[in-house]
Amino acid sequence: MYSESSEQVVQLLLDHGYNADPDAVKYLSNLDNPQAATHEIIQSVPDDTLILTSNIVKQALDGIPENQTSSPQSFNTDPSVSSADQHLDNSKNLSGQSKESPDEMEGVNSSAGSSSRNSGRSLERQTVDICGDVTGESIGTGEYDDFVKLFRDRYEKLSNQLRSRVNHRPTDSVEKMSGGSDAALIGMVNDVRSTSNGHWLIELEDPHGTFPCLIMKDRDIAEVVDELLLDEVIAVEGTLSDDSGILFADSVRFPDIPRTYTPSTADRHVQAALISDVHVGSVDFVEDAWHQFTSWLHKPEAESIEYLLIAGDMVEGVGVYPGQDEELEIVDIYEQYEQFSEYLKEVPDDIEIIMIPGNHDAVRLAEPQPGFDQELRDIMAVHDARISGNPSTVTIEGVSVLMYHGVSLDELIAELPDDKATYDDPHLPMHQLLKKRHLAPQYGGHMRLAPEPEDYLVIDEIPDIFHTGHVHKRGFGKYHGVLAINSGCWQSQTEFQKSVDLVPDVAGVPVVDLDTLNVTVHTF
Ligand code: D5M
Ligand code: FE
Ligand code: ZN
């Protein structure tokens, strides 16, 4: 963590519109009079300097009388002040190897004079493509008919995915087939209940009606029952009972991602940093860590990071849950976004930012959530960030990233057994969503769905990366080639989280190599 004097230095610099890298802050805060030295620096650096690197600081101080500053004795070794770098030893990548230590001071100095505008970023950048965004397209009125259309569209899209794998018939024609014949159905799970003998009765619904399927408790496929969620679309194959009134299941299939799926990758070395749940305006927002993160983004070692994706909960919001005002640092929602914009300004100009809202943001709660209204977009326009709805698929450098805030993850974690979904491994419920090819399969619990005529939450196209947040826990892992990442948060443990024993993963940033889909976590 930063010492008090480093905090003062960072604040002074920010007040004057400068970003500084952690080494420069460390250098300044170890001087005898950090504030005076910082003031001197601010006066003396050229106007077009955007980031104060330690090199610039040292050069500038060379021209300032010794007694005002006096260099620290133990600049490279002082353990009392740490920077983001020291945490990097904990970096992990997917293959479990630890990342090499980052640059030493000398290394940083070599290109320290470069401002973000002059960095190696963006020369080869491709255009960003966004699809599946409900913003400006919302036409649902909330009438019953809209829900019928929504679920029809879900069924259509997901049954299409299953159609080539099973020879299914509609429910009303299956009941007319002769007893004992083989049959297959594709339907939405309407009900799951156990029979008096401990078998499982699954009621499937399609546009023609409903049909019961029986999964025998002693069959291998019985374990699939644990994974079933209401309203998801599955295929069941089996044998009809003598009276054709029930289908004895032999197999259950999910829409799923084919095992052979090979994700697309970038054709050059370029990285994306994935974050979410910034919660600006909360007393628990970790401001120092944010400054360390954005300072690090200005360093040469972060030069390959050309994209910053933010998966919702930019601000803490107001009135999100009872008693929330006690935990608000900023009580006005517009001021929260203004402050968030100030923090966004710290991100190098040449990093492309793409963001979607979450359940704490000032947009409708029901999903799909449109991107922000014009007033909020204007507030957040500081960085030319692209703002899209929740969910959205963003293609960067040929790699498609499905961004979804992740409210349904709470539901999956509550419903599914621990080996399939826990808060500690938030990528596991994400794997389940990929398997079900739907971002919020179960309707009616925590999930609020807006009845649009089309279901934006179906995972129609297979993404290369699936990025969520919301649960404030970090985790990543591949599912059939798709990289699922939950990016943790920037809010230390809240009172509510204390009460439910949720220990958040704070200020760790998964960085993805878009050319290999390897992940490295940098903690600040
Ligand atoms: O959600 C952060 C995490 O904490 C997420 O897993 C939901 C959970 N959470 C937070 N507040 C509540 C309440 N009041 N009830 C149930 N679950 C909650 P976030 O979206 O950042 O609030
Ligand atoms: Fe959150
Ligand atoms: Zn959330």
Side-chain angles (χ1 to χ4, degrees), residues 274-287 289-290 309-330 333 336-337 339-340 343 355-372 389-392 403-416 418 421-430 432-433 439-440 442 444-449 457 466-475 484-510:
L274 274 51
I275 64 168
S276 63
D277 299 274
V278 192
H279 287 267
V280 170
S282 159
V283 290
D284 301 308
F285 168 61
V286 287
E287 186 181 5
W290 179 267
L309 308 187
I310 314 179
D313 282 0
M314 263 62 93
V315 300
E316 172 63 12
V318 293
V320 180
Y321 52 81
Q324 190 197 20
D325 18 340
E326 315 259 310
E327 299 185 44
L328 288 181
E329 181 84 42
I330 305 171
I333 185 76
Q336 291 182 3
Y337 282 104
Q339 189 56 48
F340 172 68
Y343 293 128
M355 53 198 188
I356 62 166
N359 57 311
H360 281 249
D361 286 296
V363 295
R364 79 174 180 203
L365 200 50
E367 296 177 8
Q369 297 179 286
F372 300 91
N390 170 37
S392 284
M403 296 177 70
Y404 170 61
H405 178 59
V407 168
S408 68
L409 296 175
D410 285 329
E411 194 106 22
L412 264 78
I413 293 167
E415 293 283 327
L416 299 179
D418 281 357
T422 57
Y423 282 107
D424 286 335
D425 292 305
H427 53 289
L428 295 183
M430 295 174 75
Q432 288 290 326
L433 296 178
L439 293 170
Q442 188 158 304
H446 294 296
M447 279 307 307
R448 285 160 210 237
L449 293 184
L457 301 172
F466 179 25
H467 174 203
T468 65
H470 182 64
V471 292
H472 294 209
K473 296 291 277 187
R474 186 176 57 255
I485 303 187
N486 196 306
S487 45
C489 66
W490 297 85
Q491 183 184 39
S492 53
Q493 195 180 42
T494 64
E495 287 305 315
F496 169 81
Q497 289 165 352
K498 249 179 233 161
S499 74
V500 295
D501 216 14
L502 188 143
V503 181
D505 288 326
V506 185
V509 180

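Counting convention: from 1, in listed order, for ligands and their atoms alike.
Atom NZ of Lys473 and atom CG of Leu409 lie 13.5 Å apart (nearest 0.5 Å). Within the model, atoms CD of Gln339 and CD of Gln336 stand 10.0 Å from one another, a figure rounded to the nearest 0.5 Å. Atoms NE2 and CD1, from His467 and Ile275 in turn, are 8.0 Å apart once rounded to the nearest 0.5 Å. In this structure, Trp490 CH2 and Met314 CE are separated by 14.5 Å, a value rounded to the nearest 0.5 Å. Atom-to-atom distance recorded for Tyr321:OH and Glu327:CD is 4.0 Å, nearest 0.5 angstrom.
The main-chain N or O of Gln497 is found under 3.5 Å from a side-chain atom of Thr494 such that the two form a donor-acceptor pair.
For Arg364, the salt bridge (Lys or Arg N to Asp or Glu O under 4.0 Å) test picks out Glu452, with sequence neighbours left out.
Within the protein, the number of N/O/S atoms found under 2.8 Å from the Zn ion (ligand 3) is 4.
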What short N/O contacts, under 3.5 Å, does ligand 1 make with the protein, listed by atom pair and distance?
{"from": "ligand 1", "atom 1": "1 (O)", "to": "His470", "atom 2": "O", "distance (Å)": "3.3"}
{"from": "ligand 1", "atom 1": "6 (O)", "to": "Asp410", "atom 2": "OD1", "distance (Å)": "2.8"}
{"from": "ligand 1", "atom 1": "20 (O)", "to": "Asp313", "atom 2": "OD2", "distance (Å)": "3.2"}
{"from": "ligand 1", "atom 1": "20 (O)", "to": "Asn359", "atom 2": "OD1", "distance (Å)": "3.0"}
{"from": "ligand 1", "atom 1": "20 (O)", "to": "Asn359", "atom 2": "ND2", "distance (Å)": "2.9"}
{"from": "ligand 1", "atom 1": "20 (O)", "to": "His360", "atom 2": "NE2", "distance (Å)": "3.3"}
{"from": "ligand 1", "atom 1": "20 (O)", "to": "His470", "atom 2": "ND1", "distance (Å)": "3.0"}
{"from": "ligand 1", "atom 1": "21 (O)", "to": "His279", "atom 2": "NE2", "distance (Å)": "3.1"}
{"from": "ligand 1", "atom 1": "21 (O)", "to": "Asp313", "atom 2": "OD2", "distance (Å)": "3.2"}
{"from": "ligand 1", "atom 1": "21 (O)", "to": "His360", "atom 2": "NE2", "distance (Å)": "3.4"}
{"from": "ligand 1", "atom 1": "21 (O)", "to": "His472", "atom 2": "NE2", "distance (Å)": "2.8"}
{"from": "ligand 1", "atom 1": "22 (O)", "to": "His360", "atom 2": "NE2", "distance (Å)": "2.6"}

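Of the candidates Thr468, Asp425, Asp277, Asp505, Asn486 forms a side-chain hydrogen bond (donor to acceptor under 3.5 Å, both in side chains) with just one, namely Thr468. For the ring pair (Phe, Tyr, Trp, His ring centres under 6.0 Å) criterion with His360, the lone passing option out of His279, His405, His470 is His279.
The two residues Val320 and Glu316 come nearest to each other via the heavy atoms CG2-O, 3.6 Å. Closest of all the heavy-atom pairs between Phe372 and Ala362 is CE2-N, 4.2 Å. A pairwise comparison of heavy atoms in Ile413 and Pro429 identifies CG1-CG, 4.0 Å as the closest pair.
If you look at the Fe ion (ligand 2), the protein N, O or S atoms less than 2.8 Å from it are Asp277 OD1, His279 NE2, Asp313 OD2, His472 NE2.
In this structure, Trp290 and Phe285 have tilted ring planes: the angle between them lies in the 30° to 60° band.
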